[in-house]
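Just below is one structure, and these are the notes that go with it.
This is a predicted model, so every value here is computed, not measured.
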Amino acid sequence: MTTPGTRADAEAEDLDVEEALALVKENPVPARSGSGHPGSAHSASPRARGGHGSSAPHHPADSHHRATPWPEARTTAERAARAAARAARRTPVAVPLDAALGLTLAAPLAALTDLPSFDSSAMDGWALAGPGPWTVRDEGVLAGHAEPAPLGDGEAVRIATGARIPPEATAVLRTEHGRTDERGRLHPTREVVHGQDIRPRGQECRSGDQLLPVGTLATPAVLGLAAAAGYDTLTAVPRPRVDVLVLGDELLTEGLPHDGLIRDALGPMLPPWLRALGAEVRAVRRIGDDAKALHRAVTTSDADLIVTTGGTAAGPVDHVHPTLRRIGAELLVDGVKARPGHPMLLARLKDDQHLVGLPGNPLAAVSGLLTLAEPLLRTLAARPAPEPYTLPLRDAVHGHPYDTRLVPVVLREEGAVPLHYNGPAMLRGIAAADALAVVPPGGARPGQEAELLDLPWATGGIGVCFT
């Protein structure tokens, strides 16, 4: 027996991930108006693990000259993901509705039935036939029951919202618009118009109508529409698979910091953030400062993306660069002109596999996540790219002489309000933020428009990003 959703999945001309991605690129989400936007510790290591603390190890002297400008780094990540999608030729998957939130449709959503599938009542009241007054039947008509008997002229029957309209009925009279006389006959208290409060079959769509195109993001409303249209599953672009490797011998997983050991903040933070960006996080592994273990973890992973934390600088236990050289990886981005997060990196391990190296300082890692991992994952998942939007900064923001700064802000009627505690080792600012403001080299004055990067939970709800 064919279940709802199966026939459409079989008959639809499914696209592969690359084609779905191309369609999304042609139809980006609408630009957002700045004026219309609603208001609404990996702890720092003593050696800063790729961060920018005073005791952090530094890249060689020419590292800043090799660093990629921030906008170009994001474009490079998108381009790398498109190439990976072409190489992998990942097949779209049939996903149950309750697991499809945040996925991108890889086949058009075509109605499997008329909506509504029968004439139904839009209100509680009486179904009427012909002009009144009407004789009211004893039995009523409820939603979910078989088709009732036809009405004759001058007859009425009690009916509930959503119930099937009896044959020959000409209108529905709302409960508050009718009265009965001493003989039990029904009278209207206002004019009755033919067809009033009847939802005709096919009012919303006819079977076979295309409801949504390829590239549509599965929001809660899309899942509701799919269910109403008869679907049990959606044909969607699969989630990119991600493995997270947490580096550092100094990290604790519980309790208070002590004896030079610190709590790992990135281990708890990154997996849900990556899921909010559309990824399937398959594993979170704690590697420590073990070069052999890092090599083994990287070379045995079959994830689409490997995310490492810390170890991206040039210190004695920063093993990411040596590991990438050992396996012959191609460095696409080796440092970004961004603060915090300058030593982030993006490497191509295979045609269809990449590694994003995040600095170990918490806010620097967030910067790397949104600069490199977000555009790569979004593109792999064929999610539409949000159009940039800006808001005026309420306060001045000091800038770096040469690099872009990403500063946590809250959004208020007066614009984007920069938050304190925005150093590379701090999470206090980002934990209270709605977005990150993109501050150009040299800084920004009060009232200056700044591009904003939304945080997933600020716009799409915990667990999934819809923008």
Side-chain angles (χ1 to χ4, degrees), residues 5-6 8-29 74 77-110 210-227 229 231-243 271 273-282 302-307 348 350-354 356 372-387 456 459-461 463-467:
T6 304
D9 290 344
E11 293 179 357
E13 184 180 352
D14 295 352
L15 283 77
D16 65 21
V17 172
E18 181 191 351
E19 294 167 314
L21 190 154
L23 279 171
V24 173
K25 187 180 179 186
E26 293 169 7
N27 299 280
V29 297
R74 289 173 59 80
E78 291 180 357
R79 188 165 56 243
R82 286 195 293 272
R86 287 193 297 270
R89 303 295 291 187
R90 292 188 299 159
T91 303
V93 291
V95 183
L97 294 185
D98 62 3
L101 185 65
L103 296 182
T104 301
L105 298 187
L109 191 74
Q210 179 173 307
L211 305 176
L212 296 170
V214 169
T216 299
L217 198 66
T219 65
V222 168
L223 301 182
L225 176 62
Y231 284 81
D232 294 327
T233 64
L234 291 178
T235 301
V237 177
R239 300 181 194 276
R241 302 162 300 161
V242 177
D243 287 343
W273 203 320
L274 289 163
R275 292 186 190 102
L277 295 178
E280 174 195 347
V281 179
R282 303 187 317 164
D302 62 354
D304 301 300
L305 174 64
I306 300 170
V307 175
R348 180 183 288 121
K350 303 173 185 175
D351 287 344
D352 58 353
Q353 186 182 50
H354 291 80
V356 167
L372 297 176
E374 186 277 332
L376 190 142
L377 290 171
R378 168 172 39 81
T379 306
L380 284 177
R383 288 186 173 195
E387 289 291 326
T459 54
V464 66
C465 174
F466 295 132
T467 57

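At least one donor-acceptor pair closer than 3.5 Å links the side chain of Y231 to the backbone N or O of A110. Distance alone, capped at 3.5 Å, is enough to place a donor-acceptor pair between the R383 side chain and the G102 backbone.
Scanning all heavy atoms of the two residues, the minimum distance from V237 to A106 falls at N-CB, 4.0 Å. Closest of all the heavy-atom pairs between A83 and R348 is CB-NH2, 4.5 Å. Here the closest heavy-atom approach between residue P271 and residue V281 is recorded as O-CG2, 3.6 Å. When all heavy atoms of G278 and P240 are compared, the pair lying nearest together is O-CD, 3.4 Å. The minimum heavy-atom distance between P384 and G215, with the atom names listed, is CD-O, 4.3 Å. For the residue pair A303 and R282, the shortest heavy atom distance occurs at N-NH2, 3.5 Å.
Two residues are said to be in side-chain contact when any heavy atoms from C-beta on lie closer than 4.5 Å; P386 and R378 meet this criterion. You'll find the side chain of R241 reaches within 4.5 Å of the side chain of D302, heavy atoms only. Side-chain atoms of R275 and R239, non-hydrogen and from C-beta on, never get closer than 4.5 Å to each other. In this structure, T233 and V95 have side chains that are not in contact, with every pair of non-hydrogen atoms separated by 4.5 Å or more. Contact check for V222 versus T219: side-chain heavy atoms found under the 4.5 Å cut-off. At a threshold of 4.5 Å between non-hydrogen side-chain atoms, the residues P213 and L105 do not count as touching.
Sparse packing is recorded around CG of D351, with 12 or fewer heavy atoms of other residues, nucleotides or ligands lying under 6.0 Å away.
To the nearest 0.5 angstrom, R79 atom CZ is 12.0 Å from L376 atom CG. In this structure, D98 CG and D232 CG are separated by 10.5 Å, a value rounded to the nearest 0.5 Å. Interatomic distance, CD of E280 versus CG of L377, reported as 12.0 Å (0.5 Å rounding). In this structure, CG on L380 lies 8.0 Å from NE2 on H354, to the nearest 0.5 angstrom.
Between L234 and the choices L109, T104, T216, the side chain to side chain contact (heavy atoms under 4.5 Å, CB included) rule is met once, by L109.
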